[in-house]
Q: 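Please see the structure below; I have some questions.
All of these numbers come straight from a predicted model, not from anything done at the bench.
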Amino acid sequence: RHVVRVLWLFCAWTLCVADFSSSEKAFNVIDSEMLVSVKNDDVTSQKLKLVAEDNDPIWREESYEPYSDELDSYVTFSGMPDPLDDDSVRGKRYENWLQNYHRVPNSPKLLWSYDDADTAPDIWSSLEKDYLFCDPDLAKATSSPIDIQTGAALNECYGPSFNVKSAPTWDSTASTLTELFDRSFIVDVANCRVGEGCQPAPYLPQSYDHDKMILERILFHTPSEHKIDGQQFDMELQFMHCKGSGGALTPGCRPELAVAVLLKDGGASQKDPQFLADLAKTAKEVGPDPKELVKGLQFQALASEIAPLFDKFYMYWGSTTYPPCYQRVQWYIPSQVVQVSTGLIAAFKARQGENVRPTFALGTRPLKFLSAEAVSHWTYRGPRGVENWGSPRFPWLAYTSCGTSADCEQLPNQAARDVCLAEQRMQSPINIYTNECRPNVDYGGRPCVQQVGLRPVFWNLGRSSDEPLKVYLKDCSNCKPCNNPNNAYTLTLVAPGKALPVSLAPESGGCNSWESCKTAKGYAAATLTYQNSIYGLREIVVRTPSEHTIDGVSAAAEVQLVADLIDCVKCVCAGWGTAGYGGPRWCCCSPNNNDKSVLIQSLLLVRGKGPGPGWVSGLASVAAQADGAPAPLVPDLLFRDIVASMHPAMNKYFLYEGSLTTPPCTARVQWLVVKPMLEVDDNALAALAAVTVGGNSRPVQALNGRALAVAGTVQL
């Protein structure tokens with residue numbers, strides 16, 4: 001008997017050591033699982049505070065015992081550990097268990113609730129081992145809901161790009177919806193569960209930032225769970241979405257994206273959205289089983305009311321507001337609060353009472369204030385960036401000329417596809433090579449620049465000297481401050497006056513004489529005459545770095561003077577001017593450039609030792625002040641100052657036929673790229689580059705056999 005007792009004690013000791021070792025492994029697994037994975041700065045970059053600075057788990061330092069199947073099973077079969085007769089390690093763990101959990105191991109489980117003292121939100125984590133992240137102390141830095149402090153929101157303009165707008169826009173909205181009650185009034189997409197042969201559920205299309213997100217259900221909360229600047233509202237709708245590739249969901253899926261809409265009491269006479277009014281009438285009838293109580297209710301009725309609210313909205317990363325408190329949920333909440341009637345709120349509150357989880361502090365998580373993008377809005381980076389300009393991300397395939405041949409193939413007919421392919425072969429900017437063609441010189445198969453002799457360029461200032469140039473930053477009108485990394489920011493100058501043709505300019509008296517027709521006199525704006533075609537100055541834009549490269553090397557910046565074809569130099573038409581024809585008739589002189597609707601004269605800026613032209617330093621000094629409204633930020637900056645600085649450099653320039661370098665990338669644009677570069681102070685260049693937040697240059701495009709020429713001009 002004594003030998004048996006010794007053997008029994010030895011076995012018990014070895015079992016305990018082995019058991020303790022397996023427990024340590026289990027705890028290590030828990031530690032690793034509780035660290036929230038991060039992606040750049042989109043999710044909070046903070047880890048859940050389960051690991052201290054010394055890498056010792058906080059649950060161990062603070063005697064926190066995570067749920068353990070092993071301990072639960074031990075108590076089930078062996079009873080509660082006896083502190084006088086059992087292993088001290090297991091006994092201490094069991095004492096910690098009792099301190100942190102309201103439920104004794106292996107006791108009957110209680111269902112979570114909002115109002116029962118034994119199952120309320122503050123002790124959800126003690127009800128189930130899977131509810132660990134519901135612990136208000138353990139996961140408070142990553143939990144929802146929150147009190148949105150508007151002053152702390154980062155204005156980053158455009159949100160993650162959905163299919164059409166950078167705000168929730170649902171597809172497949174014809175799904176019929178059902179209702180049920182489970183601690184909350186729920187509108188369920190129950191007819192779209194896996195295996196039921198249903199129609200596809202509503203979904204948010206896959207975007208640059210997330211996979212396809214399928215709507216699982218809509219939860220009703222009274223009052224609201226989220227607050228804004230401390231104010232709690234009367235009701236909240238939460239649209240919970242799960243990741244999915246098909247049109248159906250797996251029951252009990254893990255939500256990863258939530259859309260919340262806040263509602264407030266607008267009085268007894270307030271008109272309610274029709275879908276809410278219909279649902280409120282059935283609130284008393286709703287039970288635990290999904291039923292179509294509002295016959296024919298489809299999600300499109302909800303989407304048509306909700307989508308317009310997302311002109312401005314908040315975004316943060318949190319959790320579901322109900323067990324098991326899934327983490328890493330992306331929340332979108334409109335800043336606009338919807339007003340509904342007093343009776344509607346009362347109907348839902350009578351059915352479900354108060355069903356809210358208390359708010360959590362935002363902590364170090366980023367809170368962003370975002371805007372919905374216009375359908376046509378493009379950027380240089382991000383989901384609407386250069387690489388996607390030609391894609392169907394933009395409706396009507398409006399920018400296919402900016403893309404690839406595969407983008408052209410999406411157009412509806414062959415004629416449109418042919419035009420698209422032709423324009424794609426004429427794109428700008430390009431790399432300009434400088435080896436000029438010379439007789440009897442073999443360049444080893446490399447292209448050379450054709451010499452075309454003198455081609456004068458005439459600038460007429462018109463009335464542009466009457467007032468200063470106005471400065472503004474393109475794409476900086478809807479969201480401020482303009483610091484969004486996905487942008488189309490472009491520092492732009494506008495000259496005064498309109499570039500109307502002579503025959504339309506009221507001050508010219510019409511084109512009724514040889515002198516008024518053959519010259520550019522009478523234009524209110526500055527004009528450029530090239531090859532007998534007259535172009536009116538539209539704007540001057542600054543690109544950083546340069547879009548064009550010279551022998552493969554880019555410059556620090558590029559100034560582009562953009563002008564539109566408005567008229568031509570006139571000559572007497574052949575066959576006119578004889579008796580019977582009513583006198584002479586004027587036609588455009590030949591040769592002309594009338595087949596090019598836009599002309600862009602380009603000047604490259606490089607870093608130099610001197611300060612450079614005064615207009616560049618003046619523009620650089622006010623660049624940071626520019627926003628979406630044109631303003632004379634440099635009171636003495638005139639267009640003639642820019643022309644004067646270009647004058648010495650215009651003795652030689654490159655020319656070729658290309659396109660606009662921004663959507664829609666229209667072709668048949670005449671480019672004149674000044675060969676000599678302008679040296680500018682490095683500080684001025686840095687100031688010009690800073691406002692574009694990452695640069696505003698399109699990459700170099702293929703020349704595709706186009707002729708590249710070099711011409712000279714006389715100093716006029």
Q: State the CG-CD1 distance between Leu703 and Ile430, to the nearest 0.5 angstrom.
A: 5.0 Å
Q: Can you name the closest pair of heavy atoms from Asn696 and Val542 and give their distance?
A: ND2-O, 3.0 Å
Q: Is there a donor-acceptor pair closer than 3.5 Å between any side-chain N or O of Thr692 and the backbone N or O of Ala690?
A: no
Q: Would Trp615 and Val559 satisfy side chain to side chain contact (heavy atoms under 4.5 Å, CB included), going step by step from the backbone distance to the final call?
A: CA-CA 12 Å; Trp615 69 268; Val559 178; 3.9 Å; yes
Q: Closest approach of Tyr656 and Pro429, non-hydrogen atoms and distance?
A: OH-CA, 3.9 Å
Q: First locate atom OG of Ser602, then atom CG of Leu561, and finally report the distance between them rounded to the nearest 0.5 Å.
A: 8.5 Å
Q: Would you name the heavy atoms of Gly536 and Thr527 that are closest together and state the gap between them?
A: CA-CG2, 4.3 Å
Q: Please examine the side chains of Leu473 and Asp627, heavy atoms only from C-beta on, and report whether any two atoms are closer than 4.5 Å.
A: no
Q: Is any side-chain heavy atom of Leu370 less than 4.5 Å from a side-chain heavy atom of Phe310?
A: no
Q: Would you confirm whether the ring centroid of Trp671 sits within less than 6.0 angstrom of the ring centroid of Phe654?
A: no
Q: Gln424 side chain to Ser405 main-chain N or O, any donor-acceptor pair under 3.5 Å?
A: yes
Q: Are the side chain of Trp389 and the backbone N or O of Thr379 linked by a donor-acceptor pair below 3.5 Å?
A: yes
Q: Are Asn431 and Thr549 close enough that a side-chain donor and a side-chain acceptor fall under 3.5 Å?
A: yes
Q: With side chains defined as the heavy atoms from C-beta onward, is the minimum distance between Thr492 and Thr490 less than 4.5 Å?
A: yes
Q: How about Asp418 and Cys420: do any of their side-chain heavy atoms sit closer than 4.5 Å?
A: no
Q: Can you say whether the rings of Tyr530 and Tyr653 are parallel (under 30°), tilted (30 to 60°) or perpendicular (over 60°)?
A: perpendicular
Q: CD1 of Ile642 to CH2 of Trp459: how many Å apart, nearest 0.5 Å?
A: 9.5 Å
Q: Is the SG-SG separation for the cysteine pair Cys568 and Cys589 below 2.5 Å?
A: no
Q: Closest heavy-atom contact between Thr529 and Val569?
A: CG2-CG2, 3.9 Å
Q: May I have the step-by-step check of side chain to side chain contact (heavy atoms under 4.5 Å, CB included) for Ile550 and Met677, ending in yes or no?
A: CA-CA 10 Å; Ile550 306 297; Met677 301 183 193; 3.4 Å; yes
Q: Would you kindly say whether Gln427 and Ser659 are connected by a side-chain donor-acceptor distance under 3.5 Å?
A: yes
Q: Can you give me the closest heavy-atom contact between Val616 and Ala684, atom names plus distance?
A: CG1-CB, 4.5 Å
Q: Donor-acceptor pair, Arg384 side chain versus Tyr380 backbone, under 3.5 Å?
A: no
Q: Answer yes or no: is there a donor N or O on one side and an acceptor on the other, between the side chain of Arg668 and the main chain of Asp595, under 3.5 Å?
A: yes
Q: Between Lys652 and Glu436, is the closest basic N to carboxylate O distance under 4.0 Å?
A: yes
Q: I want to check something: taking the side chain as every heavy atom from C-beta on, are Pro447 and Tyr433 in contact at a cut-off of under 4.5 Å?
A: yes
Q: Is the shortest heavy-atom distance from the side chain of Leu493 to the side chain of Leu619 under 4.5 Å?
A: yes
Q: Tyr332 pairs by ring-ring contact (aromatic ring centres under 6.0 Å, His included) with which of Tyr314, Phe313, Phe369?
A: Phe313
Q: Under 2.5 Å between the SG atoms: is that true for Cys482 and Cys476?
A: yes
Q: Tell me, with the steps shown, if Val419 and Leu421 meet side chain to side chain contact (heavy atoms under 4.5 Å, CB included).
A: CA-CA 6 Å; Val419 170; Leu421 291 170; over 6 Å; no
Q: Stepwise, does the side chain to side chain contact (heavy atoms under 4.5 Å, CB included) test hold for Lys312 with Gln336?
A: CA-CA 8 Å; Lys312 305 284 185 183; Gln336 180 179 348; over 6 Å; no
Q: Using every non-hydrogen atom in the two residues, find where Ala555 and Ser546 come nearest and quote the distance to one decimal.
A: N-OG, 2.8 Å
Q: Would you compute the distance between atom OG1 of Thr666 and atom CG of Leu660 and round it to the nearest 0.5 angstrom?
A: 5.0 Å
Q: Above 12 or not: heavy atoms from other molecules or residues under 6.0 Å from CZ of Arg417?
A: yes
Q: One thing to verify: whether Glu539 and Lys474 come together as a salt bridge, which I'm taking to mean a side-chain N less than 4.0 angstrom from a carboxylate O.
A: yes
Q: Rounded to the nearest 0.5 Å, how far does CZ of Arg425 lie from OG of Ser401?
A: 13.5 Å
Q: Hey, mind stepping through Asn593 and Tyr535 against side-chain hydrogen bond (donor to acceptor under 3.5 Å, both in side chains) and telling me if it holds?
A: CA-CA 10 Å; Asn593 213 53; Tyr535 294 85; 3.1 Å; yes
Q: Under 3.5 Å, side chain of Arg607 to main-chain N/O of Asn683, donor-acceptor pair present?
A: no
Q: Within the distance-only criterion (no hydrogens, no angle test), does the side chain of Asn388 pair as donor or acceptor with the backbone N or O of Gly385 below 3.5 angstrom?
A: no
Q: For Ser697 and Pro545, indicate whether the former's side chain and the latter's backbone hold a donor-acceptor pair under 3.5 Å.
A: yes
Q: Look at the side chain of Ser533 and the backbone N and O of Asn594, then say whether any donor-acceptor pair between them is shorter than 3.5 Å.
A: yes
Q: Tell me, do Met426 and Gln701 make a side-chain contact under 4.5 Å, heavy atoms counted?
A: no
Q: Quick check for you: to the nearest 0.5 Å, what is the distance between Asn460 atom CG and Leu528 atom CG?
A: 10.0 Å
Q: Knowing that exactly one of Glu558, His548, Arg698, Glu547 qualifies, which makes a side chain to side chain donor-acceptor pair (under 3.5 Å) with Thr661?
A: Glu547
Q: Mark yes or no for whether Asn532, through its side chain, and Pro591, through its backbone, hold a donor-acceptor pair below 3.5 Å.
A: yes
Q: So with a 6.0 Å cut-off around NZ of Lys470, is the heavy-atom count from everything else above 12?
A: no
Q: Can you confirm whether Glu423 sits close enough to Thr400 that some side-chain heavy atom of one is under 4.5 Å from a side-chain heavy atom of the other?
A: no
